[in-house]
Chemist: 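Once you've had a glance at the structure underneath, I'll fire off some questions.
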Amino acid sequence: MMMMGLARSNMNMKQRLLRLCYYCLSLIPQLLRLLQRLLFKCNLFPWNRKGITLPQTFSLPSPIPQWPQGQGFASGIVNLGGIEVCKVTGFEFVWNSNIGKPVAFYKPVGIPDGFHILGHYCQSSDKPLRGFVLVVREVETASSETSNRDKLTALKNPLDYMLVWCSNAGSKELPIGSAYFWVPQPPEGYSALGFLVANMPDKPNLDEMICVRADLTDKCEPYRLMLDAASVIPEFPFQVWSLRPRDRGMPGKGVSVGTFFCTSCWNNGDELSVVCLKNLNPVLPAMPRLHQIHALIEHYGPTVFFHPEEVYLPSSVDWFFNNGALLYRKGVSTGEAIDAAGSNLPGGGRNDGEFWIDLPSDDKRDFVKHGDLKSAKLYVHVKPALGGTFTDIAMWVFCPFNGPSTLKIGITSRAFSKVGEHVGDWEHFTLRICNFSGELWSIYFSQHSGGKWVDAYELEYIDGNKAVVYSSKNGHASYPHPGTYLQGSSKLGIGIRNDATRSNLYVDSSVQYELVAAEYLGDVVREPQWLQFMREWGPKIVYDSKTELDKIINALPGGLRNSFGSLIKKLPVELYGEEGPTGPKEKNNWIGDERW
């Protein structure tokens, strides 16, 4: 009995020790928060000026060629009407914050004679230094849009500066490595376009920055949150955001300045204290001419790799038509053959459900599904971006058929037999070219109902400055790197698989392409008739997804069956049916900006 009592006592002691350990562990987050607050108030917070390893600058794998001459493309300066801007990429480090993801702030240097600074620059410290800010100078113009403002110069120095925030807030001492964030106070009728960061509390000189006449500016909006001090120190709600123009897309006039927005008292929806520039020059002189477009594509055109198990490959549009594609009309049971140029397709109008395209109805149907890689090409649409200071080269690939999806549940994958299939699949990626230099800046990868921009330093290259694009198996979404990407809930580990890797199945867009549209050039580029077809390139399909899902659920281990039902709502809506996809010109990003 005594031995049993001792054993019971030891067990109770162990349980008390375990509870004590758990309690101590639970205090760690609170102690860390208290320590961070003490460090902040003692000016030992993780931001400083000294001891910083500056990020390396990034250059493309190969030198940028000497582009063919023609108007103002790659000339280094862009005329916006009333003002000219130049891109500056030389920076002097000012201050660094290591709260959360590290962020560094820089002052632009190497300003060309006659140009003025609009604001300072910031970016993540853990990425290559590859950004820009625009500097500005005034030029004479006869534009009617500014003629009524002749009495006001385009540029003026600020009247004063207002301190937005300082890193030693709440301290009476001046620590080494402090940062002071100033916003210019513009004269009436003028606007500020950026902030200035300094290491000393003295107000900056009035001639260190310039303000721009209000009619030459446009509204901008916060884009990415770069720094959020309140996430660690709630009593210091300082935030830093990158900026982008609110008016974007092909007709948009907003010009990104490259500066940032910072605040300690801003609420979502409030007007910002800074703006961006506006391009009032209708000529868009910095946009590439036709021969320059071809030079850009030949130099930067990516290689598109398809999965080694891909059986639904791309083809050219004329191959699709020549091999029996049919045009259907609502209320008519038989389809009409489409000629190679698509000249009998109804053009214009809207997607009203009156017409659609389908595969051949005879024994060639299965043959056409699998496409024809030899005939495949990228269909190119060139358009202005960010007020004509960048060029977007959208490259569209056509696949006659989109294959069935594969469902991923944790470490388990189950292939559908039908769900995900649809006729006609248009996917794209977009190269964004800097019109100041002709440098590839980033690529947009379209991925089903969304997509993402990837900076040039994060791309994979195959030949000089030609990037790699990976097309996912069956679904043909675009990705910058090989891997398995989940469309659904990555947190829960459930969704549709998108598998992408390199293979011997590829299309080189620098050679296999056709320029189909460049509206800013007028009638220089003749658009094909099939591009004007605004209806669906495939019939609507409704899947019996419940039957297929039931089969998958029943095949799962017993422990997963009950919990899986509640996760069904996390799956993408494409599981339940597919509208036939519309052509490129009916997509909202044909005129608008990419979804970013």
Side-chain angles (χ1 to χ4, degrees), residues 304 306-307 310-329 332 334-349 351 353-381 394-404 420-429 446 469 471-478 505-509 511-517 526-541 578-587 590:
V304 184
F306 295 87
H307 195 276
E310 181 64 77
V311 294
Y312 302 108
L313 291 164
S315 75
S316 65
V317 171
D318 57 340
W319 181 91
F320 180 57
F321 293 162
N322 281 331
N323 280 275
L326 299 172
L327 173 66
Y328 283 86
R329 183 167 190 159
V332 180
T334 57
E336 173 188 348
I338 306 171
D339 64 41
S343 59
N344 57 326
L345 293 173
N351 184 22
E354 288 295 316
F355 297 92
W356 65 90
I357 295 174
D358 202 351
L359 296 167
S361 57
D362 56 19
D363 56 1
K364 292 188 71 174
R365 185 178 182 87
D366 190 62
F367 168 74
V368 173
K369 274 186 180 182
H370 298 292
D372 180 64
L373 192 62
K374 290 182 180 179
S375 72
K377 62 178 72 172
L378 279 296
Y379 295 99
V380 178
H381 176 212
M395 293 190 156
W396 294 85
V397 61
F398 174 73
C399 296
F401 197 74
N402 191 96
E421 289 185 344
H422 63 80
V423 175
D425 190 25
W426 281 103
E427 299 290 347
H428 80 285
F429 54 89
S446 175
V469 174
S471 179
S472 65
K473 180 185 175 184
N474 286 6
H476 312 125
S478 300
L505 306 172
Y506 63 87
V507 178
D508 181 355
S509 70
V511 177
Q512 295 164 269
Y513 74 93
E514 179 183 340
L515 181 60
V516 295
R526 183 178 178 183
E527 298 184 4
Q529 177 61 29
W530 58 258
L531 189 59
Q532 317 310 319
F533 182 68
M534 310 302 282
R535 277 80 171 188
E536 292 167 354
W537 285 65
K540 181 177 180 179
I541 300 175
E578 289 276 5
E579 294 283 352
T582 54
K585 208 168 187 177
E586 181 69 6
K587 311 291 188 187
W590 183 268

Chemist: Can you name the residues that form a ring-ring contact (aromatic ring centres under 6.0 Å, His included) with F320, not counting sequence neighbours?
Modeler: F398

Chemist: Are any non-hydrogen side-chain atoms of N474 and E310 less than 4.5 angstrom apart?
Modeler: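 Answer yes - side chains close enough.
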
Chemist: If the plane angle is over 60° it's perpendicular, under 30° parallel, otherwise tilted; pick one for Y379 and W530.
Modeler: perpendicular

Chemist: Quick check: do P346 and L327 have side-chain heavy atoms less than 4.5 Å from each other?
Modeler: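 Side-chain contact under 4.5 Å: yes.
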
Chemist: Nearest heavy-atom pair of L515 and Y513: which atoms, and what distance?
Modeler: N-CD1, 4.2 Å

Chemist: Mind listing the closest non-hydrogen atom pair of S375 and W319 along with its distance?
Modeler: OG-CB, 3.6 Å

Chemist: In chain order, what residues pass the ring-ring contact (aromatic ring centres under 6.0 Å, His included) check against H476, with sequence neighbours excluded?
Modeler: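 Not a single residue meets the ring-ring contact (aromatic ring centres under 6.0 Å, His included) criterion with H476.
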
Chemist: Just distance, no hydrogens or angles: give the donor-acceptor pairs under 3.5 Å from side chains in residues 353-369, sequence neighbours left out.
Modeler:
{"from": "D362", "atom 1": "OD1", "to": "K364", "atom 2": "N", "distance (Å)": "3.0"}
{"from": "K364", "atom 1": "NZ", "to": "N323", "atom 2": "OD1", "distance (Å)": "3.1"}
{"from": "R365", "atom 1": "NH1", "to": "P360", "atom 2": "O", "distance (Å)": "3.3"}

Chemist: If you compare all heavy atoms of P314 against all heavy atoms of V397, which two are closest, and at what distance to 0.1 Å?
Modeler: CB-CG2, 3.7 Å

Chemist: Taking the side chain from H307 and the backbone from S472, do they hold a donor-acceptor pair closer than 3.5 Å?
Modeler: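 Not confirmed, H307 side chain does not pair with S472 backbone.
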
Chemist: With sequence neighbours left out, write down each residue that passes side chain to side chain contact (heavy atoms under 4.5 Å, CB included) with N344, or none if nothing qualifies.
Modeler: E336, I338, D339

Chemist: Q512 and K374: which non-hydrogen atoms are nearest, and at how many Å?
Modeler: NE2-O, 4.3 Å

Chemist: Tell me the closest heavy-atom pair linking P539 and V423, and the distance in Å.
Modeler: CD-CB, 3.9 Å

Chemist: Going by the rule side chain to side chain contact (heavy atoms under 4.5 Å, CB included), which residues pair with Q529 if we only count those two or more places apart in sequence or in a different chain?
Modeler: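 Expected list: Q532.
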
Chemist: Counting distance only, does the side-chain N/O of S478 pair as donor-acceptor with the main-chain N or O of V469 below 3.5 Å?
Modeler: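 No; zero donor-acceptor contacts below 3.5 Å.
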
Chemist: So do N351 and M534 actually touch side chain to side chain, heavy atoms under 4.5 Å?
Modeler: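 No, side chains not in contact.
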
Chemist: How many angstroms lie between atom OG of S343 and atom CZ of F321, to the nearest 0.5 angstrom?
Modeler: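 With rounding to 0.5 Å, OG (S343) is 9.5 Å from CZ (F321).
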
Chemist: Counting only heavy atoms not in Y328, do more than 12 sit closer than 6.0 Å to its OH atom?
Modeler: yes

Chemist: Return the OG to NZ distance between S315 and K377, rounded to the nearest 0.5 Å.
Modeler: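 One gets 10.5 Å once the value is rounded to the nearest 0.5 Å.
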
Chemist: Quick one: closest heavy-atom pair of S316 and D318, and the distance?
Modeler: OG-OD1, 2.5 Å

Chemist: Which residues satisfy the ring-ring contact (aromatic ring centres under 6.0 Å, His included) test with F401, sequence neighbours excluded?
Modeler: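 With neighbours one apart ignored, the set is Y312.
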
Chemist: Quick one: does K587's side chain get under 4.5 Å of W396's, heavy atoms only?
Modeler: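 Of all side-chain heavy-atom pairs linking W396 with K587, at least one is under 4.5 Å.
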
Chemist: With heavy-atom distances below 4.5 Å as the criterion, would you say the side chains of T582 and E536 are in contact?
Modeler: yes

Chemist: Answer yes if the ring centres of W590 and H381 are under 6.0 angstrom apart, and no otherwise.
Modeler: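 They qualify: ring centres under 6.0 Å apart.
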
